[in-house]
Amino acid sequence: MAMASVAQQLTGVKWTPLLWKPTLAQKQRRSGALPIVCSIAISSANNKERIKLKQLFEDAYDRCRTAPMESVSFTVDQFSEALEKFDTETEIGSKVLGTVFGTDTIGAFVDITAKSTAYLPLQEASIRRIKHVEEAGIFTGVKEEFLIIGQNEVDDGMILSLRTLQYDLAWERCRQLQAEDAVVKGKLIEANKGGVVAEVEGLKGFVPFSQITTKTPGEEIIEMEIPLKFVEVDEEQSRLVLSHRKAVAGSQGQLGIGSVVTGVVQSLKPYGAFVDIGGISGLLHVSQISHDRISDIETVLQPGDSLKVMILSHDRERGRVSLSTKKLEPTPGDMIRNPTLVFEKAEEMAQTFRQRIAQAEAMARADMLRFQPESGLTFSNDGILGPLGSDLPAEGLDLSEIPPAED
């Protein structure tokens with residue numbers, strides 16, 4: 001216990017000796033004082049470090065309280081000026097440049113170099129409906145221009161929006177496209193009694209049934225993309241009216257009888273298939289698919305199939321187009337057995353069909369003139385149509401020069 005008293009006087013720390021039971025060999029060597037000496041040395045070294053650290057903290061505390069700017073290279077006023085210079089304008093309605101530094105399931109955290117963190121909610125991340133901000137291209141490190149739309153009452157953080165900025169840009173884009181009379185692609189997303197709703201440039205527009213050329217029921221054209229033109233663009237009234245009829249008016253003139261076009265099967269009915277041919281819906285009747293009889297149309301065609309079809313008729317007033325693959329078959333039944341061959345020979349077979357039509361029309365006109373003496377034209381015994389005192393060549397017009405369909 002005398003050793004404990006000496007250690008306590010040297011270190012100022014109350015010291016309790018270790019309870020040590022020597023082994024038999026240790027009792028014989030009688031060297032039990034060595035462990036006690038080591039414990040005193042370790043305890044003394046630790047306390048010196050603690051005392052030194054305590055003194056450092058006390059000195060630092062005194063400097064912060066009495067001379068906080070000692071050894072600092074700038075003043076408090078300079079620090080305040082720097083904050084004012086680099087602090088971002090955080091008024092509601094102002095635009096700011098920010099950097100995304102984190103995301104979660106309901107939004108993203110954005111650094112806008114302000115005094116508090118800003119947040120982009122999921123519903124404000126895009127003009128379109130999304131389930132995660134990453135679908136709108138919002139990742140850590142992305143820099144974007146945001147609009148401040150509010151403030152969080154809990155931590156005074158700013159609430160940001162990209163949707164509002166995109167909304168304004170979309171209306172501006174639609175006005176520009178209307179002025180250019182441009183044709184745009186619109187995705188049909190829902191139908192009602194008066195027409196269908198299409199999504200264009202991220203906005204929802206209305207397409208009246210009177211402005212749709214296809215006669216396919218509204219529920220069957222949902223999710224389709226069709227060409228559209230703008231009829232009315234009114235941001236103040238939130239009115240966006242579109243027309244499919246105006247968009248396809250220019251291309252309808254190219255749908256001549258006998259022309260071959262590429263289409264995609266939209267839907268199947270027991271009586272035929274509706275085929276999209278460049279934004280216009282045409283009917284490929286089951287009787288016009290093949291020369292061979294087809295009892296089940298699904299054995300030949302499926303929705304989404306791409307195929308070549310020939311225009312049989314086109315009623316522009318009623319918006320109806322009749323199609324045929326039967327007329328394109330090199331051999332009857334090829335559309336069932338070898339549709340690839342039908343599509344490869346489509347132009348060739350269509351040319352043959354047009355020649356037959358031209359020949360039939362020429363013969364019909366000749367027959368009409370044969371029985372109209374007032375026309376001044378007559379046929380000779382050789383089948384040559386000639387004039388009676390007209391300016392036509394004396395030898396007349398030889399209709400035999402029209403190439404036969406087989407050539």
Side-chain angles (χ1 to χ4, degrees), residues 183-189 191 196 198-200 207 212-229 242 244-245 247-316 319-354:
V183 177
V184 298
K185 283 286 187 179
K187 183 178 182 180
L188 305 182
I189 56 177
V196 293
E199 185 179 276
V200 178
V207 188
I212 300 178
T213 60
T214 176
K215 298 303 179 182
T216 307
E219 63 274 8
E220 294 187 12
I221 60 177
I222 301 304
E223 298 298 323
M224 283 179 51
E225 286 193 353
I226 63 175
L228 298 167
K229 275 192 175 183
L242 305 149
H244 177 238
R245 189 177 297 276
V248 300
S251 61
Q252 284 186 349
Q254 303 173 1
L255 297 180
I257 306 303
S259 59
V260 176
V261 294
T262 301
V264 178
V265 177
Q266 296 174 338
S267 60
L268 300 178
K269 297 293 182 182
Y271 51 84
F274 287 98
V275 182
D276 178 16
I277 49 174
I280 301 174
S281 181
L283 175 62
L284 177 61
H285 196 272
V286 64
S287 63
Q288 286 297 329
I289 296 177
S290 176
H291 284 84
D292 288 1
R293 185 176 180 276
I294 297 176
S295 57
D296 185 1
I297 192 173
E298 292 184 357
T299 60
V300 183
L301 298 174
Q302 289 293 325
D305 287 351
S306 179
L307 69 167
K308 287 185 177 181
V309 292
M310 190 177 71
I311 307 297
L312 282 184
S313 66
H314 182 197
D315 186 345
R316 292 179 176 82
R320 293 184 177 179
V321 180
S322 297
L323 309 172
S324 175
T325 53
K326 175 181 178 179
K327 303 295 184 183
L328 303 178
E329 289 184 322
T331 305
D334 280 346
M335 191 60 195
I336 299 175
R337 295 185 294 271
N338 192 1
T340 302
L341 177 63
V342 176
F343 303 148
E344 289 177 354
K345 298 285 186 179
E347 296 293 344
E348 179 181 338
M349 297 301 297
Q351 179 64 24
T352 301
F353 176 82
R354 290 192 292 268

Review point. Do Leu328 and Val260 have side chains that get closer than 4.5 Å, going by heavy atoms?
Key: yes
Review point. Under 4.5 Å between any side-chain heavy atoms of Leu323 and Leu312, yes or no?
Key: no
Review point. Are side-chain heavy atoms of Val300 and Ile289 found at a separation under 4.5 Å?
Key: yes
Check your understanding: Are any of the side-chain heavy atoms of Pro227 and Val184 separated by less than 4.5 Å?
Key -> no
Review point. Rounded to the nearest 0.5 Å, how far apart are OG of Ser287 and CZ of Arg293?
Key: 11.5 Å
Review point. What distance do Leu228 atom CG and Glu199 atom CD have between them, rounded to the nearest 0.5 Å?
Key: 12.0 Å
Practice item. Kindly compute the distance separating NZ (Lys269) from CG (Leu284), expressed to the nearest 0.5 Å. Key: 15.0 Å
Review point. Is any side-chain heavy atom of Lys187 less than 4.5 Å from a side-chain heavy atom of Glu223?
Key: yes
**Study point:** Heavy-atom check, side chain of Ile189 versus side chain of Ile222, under 4.5 Å
**Key:** no
Revision key, fill the gap. Rounded to the nearest 0.5 angstrom, the OG-CZ distance for Ser259 and Phe353 is 10.5 Å
Practice item. Report yes if some heavy atom in the side chain of Thr262 is under 4.5 Å from a heavy atom in the side chain of Leu307; otherwise report no. Key: no
Exercise for review: Would you check if Ile311 and Ile277 make a side-chain contact, meaning some heavy-atom pair closer than 4.5 Å?
Suggested key: yes
Point to revise | Nearest heavy-atom neighbours spanning Phe343 and Met335 | key: CZ-CE, 3.7 Å
Check your understanding: Would you say the side-chain atoms of Ser290 and Glu329 include a donor-acceptor pair closer than 3.5 Å?
Key -> yes
**Study point:** Where Val200 and Gly186 come nearest, the two heavy atoms and their spacing
**Key:** CG2-CA, 3.9 Å
Check your understanding: Rounded to the nearest 0.5 Å, how far apart are CE of Met310 and OG of Ser322?
Key -> 11.5 Å
